[in-house]
Amino acid sequence: DSGVTQTPKHLITATGQRVTLRCSPRSGDLSVYWYQQSLDQGLQFLIQYYNGEERAKGNILERFSAQQFPDLHSELNLSSLELGDSALYFCASSARGGYTFGSGTRLTVV
Amino acid sequence: GENVEQHPSTLSVQEGDSAVIKCTYSDSASNYFPWYKQELGKRPQLIIDIRSNVGEKKDQRIAVTLNKTAKHFSLHITETQPEDSAVYFCAASKGGADGLTFGKGTHLIIQP
């Protein structure tokens, strides 16, 4: 157990739908990062939150949004889903530079 | 922003041989360089890291070297074993609340 908790582990949904992925960082970590990993692809950075505020944005689509709550857990909202959004979504938290990744949410859009 | 290039994209070595994966970075302010190992369908896991105030770090069969002048760093795995087969990612960061910039990954295949 890495200390970073992601739920759900698996999600199957239809095109056009909306889903929410949840991440709880390690105790004491203020930063949360979201990454998308498609089949045979690297880690595509989506967005970072630091202590409740958006810190950096990567290749995040307008259909996607995220937030970090006062208790530091974060949610990634994916809407108007397309087949190409099928991927593993990881969140990571960090303290002094190094990331600890959660186990990921495998999203399948059918 | 930071850009990290990683080579090769695929590396096949005989069991027992050594493997070397190389990365270059663009931002001279980067000072933290971790390496992650990711097995199929699993989360990336930190295997070793190095900060810019040292040139080399070793942990059993794994070592990382850093050349700040040339802005490149490398992962060395000696006496490779079948369980070393995985995708390896290098990354760079300026530290603090700044995030990591990852390379595109190297698929390491250990041939029996």
Side-chain angles (χ1 to χ4, degrees), chain A residues 1-6 9-10 23 25-26 28-60 66 68 72 74 87-108, chain B residues 1-10 21 23 25 27 29-54 57 59 64 66 73 85-109:
Chain A
D1 182 13
S2 67
V4 179
T5 304
Q6 284 190 252
K9 291 191 185 305
H10 302 276
C23 171
R26 283 187 317 177
D29 286 356
L30 300 180
S31 282
V32 171
Y33 307 82
W34 285 98
Y35 283 83
Q36 180 192 56
Q37 188 175 43
S38 303
L39 191 65
D40 292 333
Q41 294 294 311
L43 293 158
Q44 300 293 319
F45 170 62
L46 296 178
I47 197 163
Q48 176 200 356
Y49 278 83
Y50 178 80
N51 202 21
E53 294 191 2
E54 183 184 302
R55 176 70 182 247
K57 255 185 176 179
N59 299 320
I60 189 167
Q68 186 179 28
L72 300 179
S74 178
L88 258 176
Y89 291 84
F90 288 104
C91 83
S93 71
S94 74
R96 292 182 179 179
Y99 283 12
T100 299
F101 283 86
S103 297
T105 293
R106 181 172 293 282
L107 173 66
T108 303
Chain B
E2 175 67 277
N3 182 50
V4 177
E5 300 280 343
Q6 182 172 349
H7 300 281
S9 57
T10 303
I21 302 170
C23 290
Y25 62 98
D27 191 339
S30 289
N31 57 18
Y32 176 66
F33 308 92
W35 286 87
Y36 288 83
K37 175 184 179 182
Q38 187 181 25
E39 297 176 6
L40 189 62
K42 297 190 176 180
R43 65 184 179 93
Q45 291 191 284
L46 179 69
I47 56 171
I48 195 167
D49 57 10
I50 192 168
R51 297 192 183 270
S52 59
N53 56 345
V54 298
K57 184 176 178 180
D59 182 3
V64 58
L66 171 64
F73 56 113
S85 293
V87 178
Y88 291 80
F89 292 95
C90 64
S93 170
K94 288 182 280 191
D98 283 340
L100 290 170
T101 300
F102 285 88
K104 292 191 182 301
T106 295
H107 186 191
L108 177 62
I109 302 164

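Order of the sequence lines sets the chain letters (A, B, ...), proteins ahead of strands, with each chain counted from 1.
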Handout entry: B:Gln45, part contacting chain A, at a heavy-atom distance under 4.5 Å
Key = neither
Practice task
State which residue, out of A:Tyr33, A:Phe45, A:Tyr35, fulfils the ring pair (Phe, Tyr, Trp, His ring centres under 6.0 Å) condition with B:Phe102.
Solution key: A:Tyr35
Completion exercise
Sorted by chain and number, sequence neighbours left out, ring-ring contact (aromatic ring centres under 6.0 Å, His included) with A:Tyr89 holds for none
Practice task
Pick whichever of A:Ala56, A:Ala92, A:Gly102 has the most heavy-atom pairs under 4.5 Å with chain B.
Solution key: A:Gly102
Practice task
Kindly write out the residues that satisfy salt bridge (charged side-chain N to carboxylate O under 4.0 Å, His left out) with B:Lys57, not counting sequence neighbours, or none if the list is empty.
Solution key: B:Asp49
Fill in the blank from the handout: Bottom line for A:Phe101: the part with an atom under 4.5 Å from chain B's heavy atoms is both
Problem - A:Phe90 versus B:Lys42, closest heavy-atom pair with distance - result: CZ-O, 3.5 Å
Handout entry: Residue selection (most heavy-atom pairs with chain A, distance under 4.5 Å) from B:Gly103, B:Pro44, B:Gly105, B:Ala91
Key = B:Pro44
Practice task
Mind checking the CZ-OG1 spacing from B:Arg43 to A:Thr100? Nearest 0.5 Å is all I need.
Solution key: 7.0 Å
Problem - Which atoms of A:Gln6 approach chain B - backbone, side chain, both or neither, heavy atom under 4.5 Å - result: neither
